[in-house]
S.K.: 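First the structure, which I've put down as structure tokens, then a few questions once you've had a look.
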Amino acid sequence: MEAVKIKDNIYWVGVIDWNIRNFHGYLTQRGATYNAYLVIDEKVTLIDTAKKGFEGELLSRIKSVIDPAEIDYIIVNHVERDHSSALPAVLAACPKAKVITNAQGDKGLHQHYTGEWDTELVKSGDTLSLGQYELTFVQTPMVHWPDNMVTYLAKEKILFPNDAFGQHYAASARFDEEVPFDTLMQEAGKYYANIVLPFGKQVQKALEAVGGLDIEYICPSHGLIWGKHIPAILEAYQKWSTNTVMEKAVVVYDSMWGVTEKMAATISDAFMAKGIPVKRMSLKADHISDVMAEILEAKYIAIGSPTLNNGIMPTVGSLLTYIKGLNPTGRIGLGFGSYGWSGQSPGIITDFMKEMKWETIEMARIQYEASEEDLEALKEKIIAIL
Ligand code: FEO
């Protein structure tokens with residue numbers, strides 16, 4: 001397998017995981033890549049590795065440029081296994097390689113893997129001379145783990161930010177301008193919503209840290225390399241990391257006998273009647289990671305469940321758990337649902353929204369079957385509140 005040249009002496013040598021569809025619970029319908037980069041200089045340097053099982057592909061791409069035994073440094077920007085679990089196999093093929101990482105990264109590597117290897121610790125602002133090139137390191141803790149850092153190659157104006165700016169998008173193309181822009185941004189947004197969203201403050205700090213850098217390419221550890229569309233992704237990260245929302249509603253629900261679904265349709269109609277764009281999503285059809293992608297920029301979030309055994313449907317419980325972990329803030333919520341006799345579900349959902357410190361619209365519930373009058377009254381009530 002072949003490396004892909006980014007600039008003279010700089011290559012993408014990562015792997016393409018065409019078949020992955022579940023990345024720790026995230027539906028990766030376009031697959032994923034685990035990107036690694038090779039810098040050829042007096043000191044040959046590999047930036048990140050890949051997921052265990054893909055070491056053959058990674059080493060094969062490296063071999064298309066240079067004998068892996070020539071590698072002097074392996075930079076570990078992040079220990080999560082999608083980027084480091086191939087490291088033991090790669091180290092076996094690179095006998096003189098020294099691992100360059102920060103203190104948290106070093107601790108994490110030794111907690112994940114057995115064996116011995118040489119390590120040089122770096123911290124924010126440290127540099128590493130490779131010959132004609134110099135690498136600069138900036139720690140970006142919690143984007144996405146405590147160990148994360150970014151590596152900057154000033155002479156070639158290339159930033160290697162690991163997880164930041166990634167997308168789960170398997171493609172034979174390597175550069176942003178080679179794929180449809182809308183698809184690229186959709187995947188970047190889905191990735192942000194499902195991976196990075198809880199760490200907005202840390203992303204803001206990272207954006208500040210890299211804000212003054214002259215950047216021609218952003219080479220993330222997942223997906224396409226940013227070149228032409230760097231302004232677009234930086235602007236999007238600025239917006240997403242500050243939880244900036246737009247006039248948009250997500251109406252998401254599950255239903256037992258169709259009444260909560262009728263309510264979802266009616267609530268969607270009410271938003272549309274007020275000129276607010278709506279995305280209506282059934283948890284029977286849509287994955288929670290796709291719901292999160294829609295929630296990313298939505299001001300209004302309506303969540304519906306019928307009452308089941310004095311509670312909510314497990315699919316809705318799963319969604320609430322997922323939303324809680326990802327912590328979208330500053331939203332306006334509406335809990336709704338049908339019921340037979342006890343009717344707790346809209347209240348449970350509304351309580352959840354209050355715990356999230358969202359504003360809430362008065363909850364809506366309908367007993368047994370919804371008449372046309374019930375639905376019309378619901379629509380008028382929502383319109384009056386919006
Ligand atoms: Fe792509 Fe946090 O690992």
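Hydrogens, waters and symmetry mates are skipped; everything else that's a heavy atom, side chains included, is used. Treat the numbers as computed from the prediction; the structure is a model and nothing was measured. Ligands are counted one by one from 1 in listed order, and the atoms in each one are counted from 1 as well.
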S.K.: Using side chain to side chain contact (heavy atoms under 4.5 Å, CB included) as the criterion, point out the one residue from Thr45, Asp72, Leu128, Val76 that pairs with Ile100.
M.R.: Leu128

S.K.: Tell me, please, which residues at least two apart from Tyr368 pass ring pair (Phe, Tyr, Trp, His ring centres under 6.0 Å).
M.R.: none

S.K.: So which of Tyr217, Trp226, Tyr237, Tyr191 actually passes ring-ring contact (aromatic ring centres under 6.0 Å, His included) with Phe165?
M.R.: Tyr237

S.K.: Under 2.8 Å from atom 2 (Fe) of ligand 1, how many protein N, O or S atoms can be found?
M.R.: 4

S.K.: Verify the distance criterion only: is there a donor paired with an acceptor across the side chains of Tyr37 and Thr151 at less than 3.5 Å?
M.R.: no

S.K.: Can Ser338 and Thr260 be counted as having a side-chain donor-acceptor contact under 3.5 angstrom?
M.R.: yes

S.K.: Say whether His144 and Asn162, considering side chains only, have a donor N or O and an acceptor N or O under 3.5 Å apart.
M.R.: no

